[in-house]
Amino acid sequence: MRILLMGNPNVGKSVVFSRLTGTSVVVSNYPGTTVEFTKGTAKIGKKRVDVIDVPGTYTLEPTSRAEEVAVEMLEDGDVVINIVDATNLERNLYLTLQLLEKKVPVIVALNLSDEAKHKGITIDVKKLEKLLNVPVVPTVATTGEGIKKLVSRLSKAKAHAYKHTDEQRWEKIGKIIGDVQTVVHRHHTFRETLADATVKPITGIPVAIGIIALMFIVIIFIGEGLIAIFFDPAFEAYEPIAMKMSEALGSGGFLHNILIGNLINGGIEFTQSMGLLTTGIFVPFAMVLPYIFAFYLVLGFLEDSGYLPRLGVLADNGMHRVGMHGLGIVPMLLGLGCNVPGVLSSRILETRRQRFIALTLMGIAVPCMAQLAIIVGLVGPYGVGSLAIVFATLFVVWVVIGLLLNKVLAGESPEMFTEIPPYRMPYWRATLKKLWMRIRHFLTTAIPFVLLGVLLVNILYTLGIIDFIGDIASPVVVGLLGLPPAAAGALIIGLLRKDVAVGMLIPLGLSMQQLVVAAVVLAMYFPCVATFAVFIRELGIKDTVKSTLIMIVMAMLVGTILRFVLGG
Amino acid sequence: MRKLLVELKAGESGIVVDITGGFGFQRRLATLGIRIGKKVRMITAQPFRGPIVVGVGGGDVAIGRGMAMKVLVEVPE
Ligand SMILES: Nc1nc2c(ncn2[C@@H]2O[C@H](COP(=O)(O)OP(=O)(O)OP(=O)(O)O)[C@@H](O)[C@H]2O)c(=O)[nH]1
Ligand SMILES: [Mg+2]
């Protein structure tokens with residue numbers, strides 16, 4: 001049996017899904033968090049059943065890719081649990097009525113009933129049940145209230161094949177609302193005042209600038225703090241152990257090179273020895289993980305509070321100039337953590353054109369935390385000024401390419417049209433759970449790739465392939481970018497994962513100017529393979545190739561310009 | 001007095017009396033609560049032809065300027 005969780009966006013479907021299946025999924029306070037279905041299983045009575053978390057949709061006539069997925073899912077569902085937002089019953093019932101026309105058994109979960117109560121909304125559940133002629137169960141997904149009852153009444157789900165015109169639907173909804181809902185008028189609460197103040201430009205823009213600045217400061221502060229307090233000492237303690245292993249392996253030879261790597265002045269340099277047990281674990285744990293942790297901690301609070309759609313409204317104007325609309329900031333922000341979820345979340349944009357632009361800009365100029373870590377690792381020692389050159393360059397590139405694509409590509413961007421959720425207090429347990437999910441995702445997907453990258457570097461070196469590629473690529477790498485031929489190896493490995501490349505650039509003894517060029521080119525010329533794979537899935541081969549060509553050409557162009565401007 | 005939705009001042013409310021545009025457009029607005037007969041309250045209009053934010057029913061909705069130009073509201077004198 002297959003149970004579908006369907007409902008409008010941001011009504012708590014994913015929270016219900018986690019409750020039913022025990023599987024963690026990403027939950028955030030904005031519409032369009034879930035853009036792809038997630039499957040899990042739940043034990044109901046003695047049976048194991050499939051439960052599917054479906055992207056939110058307002059109607060069964062989809063307006064975005066995420067909604068299309070939702071409608072496609074309906075084809076093979078046996079029961080629909082229709083999650084309904086009790087604070088917005090009227091609007092939510094539209095989908096409910098459409099579902100009741102589809103001959104699929106439906107049960108309604110009247111979720112967010114805690115918030116409805118706070119807002120002075122009372123709903124007569126018995127009456128609603130009678131009018132809809134399907135079971136209705138009030139729930140508070142975040143606390144689990146009502147979920148047991150929902151499950152126990154699942155078998156009572158009832159199918160209908162009503163036929164309504166659009167007008168009849170609204171008429172019926174109007175009647176139902178009149179019969180079941182009473183609203184006691186409340187005064188503007190503090191949260192509502194805050195909600196208004198943060199979208200009004202006069203107050204909202206300074207707040208937005210403050211929040212973004214604070215976000216970066218906090219990320220760097222926490223990231224560097226973790227490195228200084230925890231990871232650096234940990235690896236210092238590990239070094240003698242690694243040296244012992246090195247001695248045990250005979251301080252040289254093939255196996256030693258793969259596991260420990262090159263000894264530099266007779267010792268291990270974690271950033272550049274390039275062994276599986278040295279650089280291979282140092283890069284993901286001591287360089288990238290601290291920033292991943294810091295970034296997702298901050299992002300989680302932004303997501304769960306409900307601030308992001310408001311930021312989207314404020315940014316809408318600017319985003320239109322680069323071919324998207326305000327909601328485009330969501331994939332861009334997620335892309336800062338890791339481009340893979342960033343790419344997926346671009347599905348909240350309605351048109352293919354917007355998504356092409358979003359993905360291309362993300363691939364070119366939105367450095368993920370792994371890239372950020374290498375930028376800091378490479379250029380950071382030369383001070384904040386050099387870091388600023390790198391980030392300012394990426395920002396300018398993002399804007400310029402966005403403006404160009406918006407000019408060149410046919411069509412225009414639809415306007416923003418979205419609900420703005422109320423502010424909610426991030427519930428620290430849920431926020432931490434999400435943080436842990438994302439860290440686990442990083443650990444399980446990044447580490448194998450980093451290790452593979454390190455292994456590959458060793459093999460390719462041993463076979464002389466990297467030198468060979470360096471020779472071939474030298475007109476570009478040396479001629480245009482002004483880097484030594486060996487930097488080509490770093491660019492090759494960067495295709496797999498950018499953070500592995502750092503270990504290959506450090507030993508080259510580059511000047512500050514060369515490091516800036518290398519960091520920028522490395523960030524721009526290609527997304528990592530994992531991102532490339534989701535590019536293909538989302539855009540198809542043809543557009544992915546187009547997008548990639550733009551990246552390569554722009555990276556070379558910008559790298560060359562930078563080289564001459566900096567006089568490296 | 002009748003006005004376009006975009007013309008409401010911050011804090012001002014009106015009742016939607018007409019929506020121009022195709023059926024699909026009307027349906028789309030309706031799913032977020034903007035329908036004939038519904039009360040809407042202007043919260044803010046972003047400068048430079050940016051989107052507007054209105055309060056409808058249980059929540060707030062951001063809507064592009066072009067779309068909001070197609071919505072006519074009646075404002076009590
Ligand atoms: N107070 C309260 N908050 C809830 C309840 N259910 C969900 N939430 C919050 O509502 C927000 C949206 O929850 P999600 O589960 O991500 O919503 P969704 O329906 O999966 O949303 P999409 O994936 O965007 O369609 C989150 O901030 C939840 O913490 C509830 O019953 N009460
Ligand atoms: Mg969800």
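The chains referred to below are lettered A, B, ... by the order of the sequence lines, with proteins before strands, and numbering in each begins at 1.
Between Gln46(B) and Lys200(A) the shortest side-chain heavy-atom distance does not fall below 4.5 Å. Here the side chains of Ile43(B) and Val199(A) are in contact, with some heavy-atom distance below 4.5 Å. Asp196(A) has its side chain out of reach of Val53(B): every pair of non-hydrogen atoms, C-beta onward, lies at least 4.5 Å apart.
Neither the backbone nor the side chain of Ile52(B) comes within less than 4.5 Å of any heavy atom in chain A. For Ala30(B), the parts sitting under 4.5 Å from any heavy atom of chain A are the backbone and the side chain alike. In this structure, the portion of Glu90(A) lying under 4.5 Å from any heavy atom of chain B is its side chain and not its backbone.
More than 12 heavy atoms of other shown residues, nucleotides or ligands fall within 6.0 angstrom of atom CE in Met1(B). The environment of Glu68(A) atom CD is dense: over 12 non-hydrogen atoms of other residues, nucleotides or ligands sit within 6.0 angstrom. Counting non-hydrogen atoms of neighbouring residues, nucleotides and ligands closer than 6.0 angstrom, the CZ atom of Arg424(A) exceeds 12 such neighbours. Heavy-atom contacts from other residues, nucleotides or ligands closer than 6.0 Å to NZ of Lys172(A) number more than 12. Surrounding NZ of Lys102(A) are at most 12 heavy atoms belonging to other residues, nucleotides or ligands under 6.0 Å away.
Side-chain atoms of Asn317(A) come within 3.5 Å of backbone N or O of Phe48(B) as a donor-acceptor pair. Judged by distance alone, the side chain of Glu415(A) and the main-chain N or O of Met67(B) form a donor-acceptor pair under 3.5 Å.
In plain terms, the two heavy atoms of Gly59(B) and Asn88(A) that are nearest each other are N-OD1, 3.7 Å. Pairing each heavy atom of Pro201(A) with each of Pro47(B), the nearest pair is CG-CD, 3.6 Å.
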| field | Pair Glu67(A)-Arg28(B), salt bridge (Lys or Arg N to Asp or Glu O under 4.0 Å): steps then yes or no | value | CA-CA 13 Å; Glu67(A) 292 195 347; Arg28(B) 204 159 160 234; over 6 Å; no

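Atoms CD1 and CZ, on Ile63(B) and Phe417(A) in that order, are 5.0 Å from each other to the nearest 0.5 Å. With rounding to the nearest 0.5 Å, the separation of CG in Asp60(B) from OG1 in Thr418(A) is 11.0 Å.
Between Glu171(A) and Arg35(B) there is no salt bridge, since none of the side-chain N atoms of the basic residue sits less than 4.0 Å from a carboxylate O of the acidic one. A salt bridge links Arg27(B) to Glu61(A): one of the charged nitrogens lies within less than 4.0 Å of a carboxylate oxygen.
Counting heavy-atom pairs under 4.5 Å between each of Gly57(B), Gly66(B), Gly24(B), Ala10(B) and chain A puts Gly66(B) at the top. Most heavy-atom pairs under 4.5 Å with chain B: of the set Leu95(A), Asp316(A), Val183(A), this distinction falls to Asp316(A).
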